[in-house]
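Computed from a predicted structure; not experimentally measured.
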There are 2 protein chains.
Amino acid sequence: MNSNPATTNPPNGAGATDVAPAPSPTFSPLYQQIKAFITQGLESGEWKPGEIIPSEVELAARYKVSQGTVRKAIDELAADNLLVRRQGKGTFVATHNEDRVQFRFLRLLPDDGDVHPHVSRLLECRRLRAPAEIARQLDLKPADPVVLIRRLLQFDGETTVFDEIWLPGAVFRGLTAERLADYKGPLYAMFETEFGTRMIRASEKIRAVAAEAGVAELLKVAEGFPLLSVERVSYTYGDRPVEVRRGWYVTTGYYYQNDLS
Amino acid sequence: MNSNPATTNPPNGAGATDVAPAPSPTFSPLYQQIKAFITQGLESGEWKPGEIIPSEVELAARYKVSQGTVRKAIDELAADNLLVRRQGKGTFVATHNEDRVQFRFLRLLPDDGDVHPHVSRLLECRRLRAPAEIARQLDLKPADPVVLIRRLLQFDGETTVFDEIWLPGAVFRGLTAERLADYKGPLYAMFETEFGTRMIRASEKIRAVAAEAGVAELLKVAEGFPLLSVERVSYTYGDRPVEVRRGWYVTTGYYYQNDLS
DNA sequence: TAGTGGTCTAGACCACCAT
DNA sequence: TGGTGGTCTAGACCACTAC
């Protein structure tokens, strides 16, 4: 279990009367290793989004550690939104489907708290060679194939968001306008179900910009109108970037919600 | 310890051969109660920001629970940034002073990753009666006294932020322009040190807006220039609102950084 | 009733820090 | 050397869900 450099202490630690492990310069707790094992299982597709993973006792037996150690590993994975615990039922792989946590990454809310379901209008979906900047952000070689999606989001009939979405072509093989148009629900749910790529976290750079002619026309605002520019990079397992998204938001009647702590 | 309705089970739970506690309809774990006790100690000023709190064993003895239970309580408080654990030393009350986590709530970063320390230029600090909207947000009665601070932030010489900060007058008695001007370091550090009010969390509404004449002049941009509008409400212990802040950010060369997960 | 996660305990040992 | 938080174990009981 424990594969510290310079230590080969077995299910070590407590209560046991073991050989004293050489104090390793780089100490890694057991539960971290368990965490890595479970993450591996998630990444390899051994347990797919929405599915249940083995119970704590079972995992404890498998990895030859105590239940408490498995528990701590799962606790952290649940805190990272990779797993979801449900008392009495089991522990499940988090998913962008079903959950009412569907639009976890869309932070745009209406001034009045009402919940307006939005609809997506696809403008185009085509393949091309990655521009240098996109390639850099997606960790691709320049001119590698990418997919570009352009779309509008309408809240309650009002056109509010214009998105340009860049995806690595190798991962999203077979993604076409038709399949996009047919799919109901969030993009990330589709990416997960259809392409086995799950978005774990994202990092955004937000600015206020003046609407340029093209964008202005799409969003039905005047040229120069202030828009919220949201540049997002999304990551999957192993912190590998798998999406670059540039969004322009009209923030009259809507705002970007953020909580600091 | 356990003050569940319909249950008066003593340091209950495990291993012990206690009377079976009546399954309460509203079950509250022991560690939650410990958490509440500790929070109380923080709020009452028993332990002040930067100070050390009693060790886990000591707290366990005081509350008549096991160390593990105290640990879980402290774990959650540390996750909420109310406490800071330091191995080998002890557990400390979080503070906006010292920490290199000083500007935890300022998310504006330069396009080049360099760290530019910023300077604050106070425009005014005066007392007045709360406008209806501010009163509502601060949970005050209309026309209650408030303090209004207006200031500019300069990054590397460039004027980048204009802030209007509203504080409840009752809490910030004796806050004057002189004291503000004299104080070095973040505002929240001063609020904590000088007024015993610690900001715990904040909620922001972000929009893109066109610069109005007054703001434009202060920020040295043209009227109509796109600015990031950041409306923040900050809360202290017990989720009581104690600051309303409206900021206008110039986002050329700078961006608002946000991480989603 | 059986299985799952959730709470609680008691005790051992480890890593880190101060003295 | 002694104290603090950090890890790990083993075992009990509780709450929730399903069968």
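The distance from atom CG of B:Leu59 to atom C1' of D:dT4 is 12 Å, rounded to the nearest whole Å. D:dC14 atom P lies 16 Å from atom CD of A:Gln67, rounded to whole Å. A:Arg86 places its CZ atom 21 Å from the P atom of C:dG3, with the value rounded to the nearest Å. In this structure, A:Glu58 atom CD and C:dA2 atom C1' are separated by 15 Å, rounded to whole Å. The CD atom of A:Gln87 sits 6 Å away from the P atom of D:dC16 (whole-angstrom rounding). The NZ atom of A:Lys35 sits 13 Å away from the P atom of D:dC8 (whole-angstrom rounding). Atom CG in A:Leu77 sits roughly 15 Å away from atom C1' in C:dG5 (whole-Å rounding). In this structure, CD of A:Glu76 is placed 17 Å from C1' of C:dG5, rounded to the nearest angstrom.
Comparing atom distances between the A:Leu30 side chain and each of D:dT9, D:dG5, D:dC8 picks out D:dC8 as nearest. Closest contact between the side chain of A:Thr69 and the listed nucleotides C:dT4, D:dT9, C:dC16 involves D:dT9. In the set D:dT7, C:dT9, C:dG6, D:dT7 carries the atom at the smallest distance from any side-chain atom of A:Pro29. Side chain of A:Val65, nearest nucleotide from D:dT9, D:dG5, C:dT9: D:dT9. Closest contact between the side chain of B:Lys89 and the listed nucleotides C:dA18, D:dG5, C:dA15 involves C:dA18. With D:dT17, C:dG5, C:dC16 as the choices, the nucleotide that has an atom nearest any side-chain atom of A:Arg85 turns out to be C:dG5. Each of D:dT7, C:dG6, D:dT9 was ranked by its minimum atom distance to the side chain of A:Tyr31; first place goes to D:dT7.
Residue B:Pro49 comes nearest to B:Thr95 through the heavy atom pair CB-CB, 3.9 Å, listed as atom of the first residue, atom of the second, then distance.
A sub-4.0 Å separation between OP1 or OP2 of C:dG5 and a side-chain N or O of A:Arg71 is absent. Neither OP1 nor OP2 of C:dG3 sits under 4.0 Å from any side-chain N or O of A:Ser55. Between A:Thr91 and C:dT4 there is no side-chain N or O to OP1 or OP2 distance below 4.0 Å.
Comparing A:Gly88 and A:Gly68, the nucleotide of DNA chain D nearest to each residue sits closer to the 5' end for A:Gly68.
Checked by atom type, the side-chain pair A:Thr236/A:Glu243 shows no donor-acceptor distance below 3.5 Å.
Tested against A:Phe105 for a ring-ring contact (aromatic ring centres under 6.0 Å, His included), the candidates A:Phe191, A:Tyr188, A:Tyr256 yield a single pass: A:Tyr188. Residue B:Arg201 forms a side chain to side chain donor-acceptor pair (under 3.5 Å) with just one option from B:Asp239, B:Asn81, B:Asp80, and that option is B:Asp239.
Within the 4.0 angstrom heavy-atom criterion, only backbone atoms of the sugar-phosphate kind lie near A:Glu56; the bases stay farther away.
A salt bridge links B:Asp163 and B:Arg245; the closest N-O separation between the charged side-chain nitrogens and carboxylate oxygens is under 4.0 Å.
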